[in-house]
4 protein chains.
Amino acid sequence: MASDNSENATGNPGSGERAPKRRRSALLDSAIVEFSTYGIGGARVDRIAERANTNKAMLYHYFGNKDDLYLAALQDIYAGIRGAENELELDLSAPEAAIRTLVAFTFRYYVDNPAFVRMINTENLHRAVHLRAAGDMTTLNRSILDRIKAILDRGVAEGIFREGIDPLDLYISISALGFTYISNQHTLAVLFGRDLTTDEAIEKRLETMTDMVLRFVRSDRHHAASDSAR
Amino acid sequence: MASDNSENATGNPGSGERAPKRRRSALLDSAIVEFSTYGIGGARVDRIAERANTNKAMLYHYFGNKDDLYLAALQDIYAGIRGAENELELDLSAPEAAIRTLVAFTFRYYVDNPAFVRMINTENLHRAVHLRAAGDMTTLNRSILDRIKAILDRGVAEGIFREGIDPLDLYISISALGFTYISNQHTLAVLFGRDLTTDEAIEKRLETMTDMVLRFVRSDRHHAASDSAR
Amino acid sequence: MASDNSENATGNPGSGERAPKRRRSALLDSAIVEFSTYGIGGARVDRIAERANTNKAMLYHYFGNKDDLYLAALQDIYAGIRGAENELELDLSAPEAAIRTLVAFTFRYYVDNPAFVRMINTENLHRAVHLRAAGDMTTLNRSILDRIKAILDRGVAEGIFREGIDPLDLYISISALGFTYISNQHTLAVLFGRDLTTDEAIEKRLETMTDMVLRFVRSDRHHAASDSAR
Amino acid sequence: MASDNSENATGNPGSGERAPKRRRSALLDSAIVEFSTYGIGGARVDRIAERANTNKAMLYHYFGNKDDLYLAALQDIYAGIRGAENELELDLSAPEAAIRTLVAFTFRYYVDNPAFVRMINTENLHRAVHLRAAGDMTTLNRSILDRIKAILDRGVAEGIFREGIDPLDLYISISALGFTYISNQHTLAVLFGRDLTTDEAIEKRLETMTDMVLRFVRSDRHHAASDSAR
DNA sequence: GATGAATGAGATTTCATTCAT
DNA sequence: AATGAATGAAATCTCATTCAT
């Protein structure tokens with residue numbers, strides 16, 4: 001990541017700075033804010049430069065053009081979650097706890113990184129043409145599937161999980177339960193008149209998600225185990 | 001809906017037609033395709049007019065400006081799912097079957113109406129400002145929550161469903177499991193190298209979703225019931 | 001041609017005109033002036049629009065982009081000389097007179113149409129990439145070679161011209177003797193301190209050219225014929 | 001000349017060199033290639049520096065600005081032909097042979113130095129403003145006219161050349177017959193579908209030029225002399 | 001109603017030149 | 001001397017909207 005994905009992170013001490021890496025990184029941060037706020041078509045190169053306390057020519061100097069800058073921003077976003085996932089510790093000796101940890105991590109990442117959610121949506125609106133063109137992405141995401149598989153296998157071996165669950169399918173379910181909640185929060189709020197982003201609502205949602213995923217993976221014999229104990 | 005949400009629907013016989021409703025409707029269809037493909041900032045008024053076999057002056061005549069046209073397209077999209085939901089029959093006397101029907105309907109609607117999914121995402125990228133400004137949306141969506149509540153109540157009364165499940169929370173879960181699957185299909189395909197939209201993959205996904213939702217709502221005593229029987 | 005190649009021709013009655021062909025034609029005339037004055041890289045789209053009493057957007061509306069406008073200007077320039085050549089009458093029954101007419105026509109065309117000369121030079125600086133890309137040019141220029149061949153054949157039949165002269169080679173010589181004189185007039189004037197474009201100098205040059213070409217084509221027996229009788 | 005006009009000459013051993021004259025000369029060579037390829041408006045300062053394996057600051061250090069660099073390049077180009085002409089030996093005791101030598105030298109210089117031809121054209125497109133501003137050019141080119149005059153005078157004295165031929169007019173003719181052939185080779189090739197730059201075509205053209213010039217200068221009595229004997 | 005031209009504001013991109021190190 | 005970053009002015013091009021017919 002440039003340095004940090006949060007919506008308005010720049011962290012540079014002043015506007016007269018000179019360190020080239022700083023400049024590039026400030027532009028990238030600014031681009032993430034801009035693209036995730038307005039989409040590709042709606043993003044303004046002027047605003048990106050201004051927010052990074054530099055000028056358009058610098059932006060073109062470092063990134064070539066608007067589209068390439070968008071791609072760089074997208075890759076930075078993905079580098080962010082990849083890095084966070086890699087730091088995530090999942091204790092295989094306790095499969096249920098590992099699932100809980102994974103669900104919580106995933107949801108909280110979406111909650112804490114709305115720019116991530118918006119960039120993914122933006123890229124999907126564009127049918128992932130940029131991501132596809134960037135190549136080399138498939139390998140990066142093997143690791144999370146491998147780890148889910150390991151958890152499932154261990155759970156099955158211990159007799160507490162069902163057999164036959166596809167790791168990717170499960171990953172999509174875990175992701176989906178939190179992603180749409182964050183991604184669609186605005187239309188849902190209008191349509192149903194409820195704010196979904198209060199701390200209380202977020203915690204409630206995490207409970208539901210965890211409950212749902214665990215009930216899904218558990219073997220029928222072990223179904224009675226309590227879920228609300230957290 | 002204008003007439004139909006499918007990606008390239010127009011269905012008008014020729015360019016020399018006279019029915020004004022046809023023109024309006026063709027413009028609306030075209031706008032839905034355009035906005036759902038490029039977002040608001042990326043949408044082009046020229047393309048919308050051209051795809052509707054008319055000219056920009058007509059578009060401005062009927063809809064005032066680009067933003068109002070977007071709003072009309074968004075409302076049309078919501079009218080579409082509202083109409084479909086109203087026609088959906090849920091048999092209260094069989095709560096599990098009703099849940100199955102609801103899950104299947106919801107998912108298939110997303111599968112069959114990608115423009116719907118894209119418009120929702122676009123509107124959320126804009127923080128639902130247009131939808132909020134349009135007002136009067138809350139009432140429209142009470143009905144689906146009421147019906148879910150009725151199903152849950154009946155299931156609890158019959159002893160087959162758990163108590164304490166929030167209808168909106170459940171609705172969001174049902175929606176989410178399918179919405180993200182469709183919405184994020186392009187990035188997921190690139191990241192994991194698997195096409196999620198084959199008929200087989202879609203049916204598999206529906207099974208997972210149904211299984212997950214039913215396991216979530218069932219009371220623990222009734223948990224052993226088979227889910228794969230469809 | 002748009003209407004006329006002369007350096008500042010527009011000929012439109014006022015700036016508030018509406019006829020679309022006029023606009024296009026005014027833009028083309030303006031483009032010819034601009035490109036022949038500044039070259040492709042030095043030409044300014046703003047100036048072209050302003051000189052045509054319109055705005056840049058119209059220019060892009062009609063011609064797509066700067067390069068395509070340049071190509072249109074180039075084709076217009078070639079259409080101009082092609083049209084003039086087609087109207088040129090060469091009396092085959094008097095081969096020497098026909099050569100005289102051809103030489104005079106060619107030189108006077110360069111003298112009267114400096115924009116033509118400059119455009120040809122500009123296109124050659126670009127290695128004729130635009131002309132080559134435009135295609136279909138070869139056929140257009142067969143006619144002048146055919147006519148030169150007819151003149152030469154007749155002169156040979158009459159015993160007054162030599163055999164074995166290549167029509168294209170002769171055409172290039174006729175063209176060259178006048179083209180460089182006009183094309184390089186500015187550097188020649190600086191280097192040798194003589195203005196080559198006075199009426200007197202032009203007439204003198206035409207005499208030299210005619211003399212040189214006729215002495216080249218005449219059979220040796222008929223060499224004594226006077227050339228200065230005009 | 002800086003060192004050599006050939007299109008891609010640099011000849012410096014590496015980027016870490018120290019000789020300042022080398023740097024200046026490499027920049028000048030690069031500038032000639034650039035200006036003769038793209039014209040003044042189309043030339044890019046970045047490309048000039050890059051091709052000279054240095055950076056823009058050096059360019060500005062040595063030459064001040066783009067326009068001054070262009071002037072330096074132009075002067076270098078003229079210095080090149082001036083030097084070559086000075087080394088050219090014309091045997092006055094054989095006027096016909098001297099003319100042959102002059103014609104051949106002139107043509108071959110154009111053939112071997114396309115950058116020269118292109119720079120002359122570029123400067124003429126700019127109406128020779130730079131050359132005029134550079135001053136002091138007239139004197140430099142007296143010598144070639146003086147030598148032509150000497151040849152003509154000797155030929156007249158020997159009775160083999162006509163009287164009354166203007167040396168500058170003759171020089172322009174000699175130059176023109178070869179200059180346009182090289183200068184306009186690209187458009188001519190497109191328009192007439194023939195490659196004019198094969199070795200064979202070049203030799204043929206030189207024959208034509210020599211023939212034409214000699215027939216022009218010869219007195220009528222001596223006209224029967226063979227020209228093709230080379 | 002219907003059409004294509006017209007427009008001005010603003011978008012992206014380029015480039016000669018200068019600066020800090 | 002040498003380098004890469006930095007900049008502002010200006011270039012090309014786009015687009016929502018309006019106008020004339």
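From a predicted model like this one, the values you see are computed outputs, not experimental measurements.
- Atom pair C:M58:CE and F:dA16:P shows a separation of 15 Å (rounding to whole Å applied).
- Side-chain proximity of D:A57 to E:dT17, E:dT14, F:dG4: nearest is F:dG4.
- No donor-acceptor contact under 3.5 Å links the side chain of B:K56 to the base of E:dT3.
- Atom OH in B:Y38 sits about 15 Å away from atom C1' in F:dT14, given to the nearest Å.
- Here the side chain of B:S30 pairs no donor or acceptor atom with the backbone of B:A26 at under 3.5 angstrom.
- The side chain of C:R23 contributes no N or O atom lying less than 4.0 Å from OP1 or OP2 of E:dA5.
- Across the strands present, E:dT7 finds its partner in F:dA16; the criterion is a Watson-Crick or G-U wobble pair with both atom distances under 3.5 angstrom.
- One can place OH of C:Y60 at 17 Å from P of E:dG8, the figure rounded to the nearest angstrom.
- The partner of E:dT21 is F:dA2, judged by Watson-Crick or G-U wobble contacts that both fall below 3.5 Å.
- Residues B:G42 and A:T54 each lie close to DNA chain F; by heavy-atom proximity, the contact nearer the 5' end of the strand is made by A:T54.
- Atom CZ of A:R24 is separated from atom C1' of F:dG4 by 15 Å (rounded to the nearest Å).
- The distance between atom CG of C:N55 and atom C1' of F:dT14, rounded to the nearest whole Å, is 12 Å.
- D:A43 comes within 4.0 angstrom of the backbone, heavy atoms only, and of no base.
- At whole-Å resolution of the value, NZ in B:K66 and P in E:dA9 are 19 Å apart.
- One interatomic measurement links the two molecules: CG of C:N65 to C1' of F:dT12, which rounds to 9 Å at whole-angstrom precision.
- In this structure, B:R118 fails the cation-pi test against B:Y38, since its NZ or CZ atom is not both closer than 6.0 Å to the six-membered ring centre and inside 45 degrees of the ring normal.
- For A:R44 and E:dA11, the shortest distance from a side-chain N or O to OP1 or OP2 is below 4.0 Å.
- Looking only at distances, no side-chain donor or acceptor of B:D67 sits under 3.5 Å from a matching main-chain atom of B:Y70.
- Remark on DNA chain E: of its neighbouring residues C:H61 and D:D46, the 5'-side contact belongs to C:H61, judged by nearest-heavy-atom nucleotide.
- Between the side chain of B:K66 and the backbone N or O of B:I40, at least one donor-acceptor pair lies under 3.5 Å.
- Side chains of D:Y78 and D:E123 form no contact here, defined as non-hydrogen atoms less than 4.5 Å apart.
- E:dT7 atom P lies 13 Å from atom CG of C:L59, rounded to whole Å.
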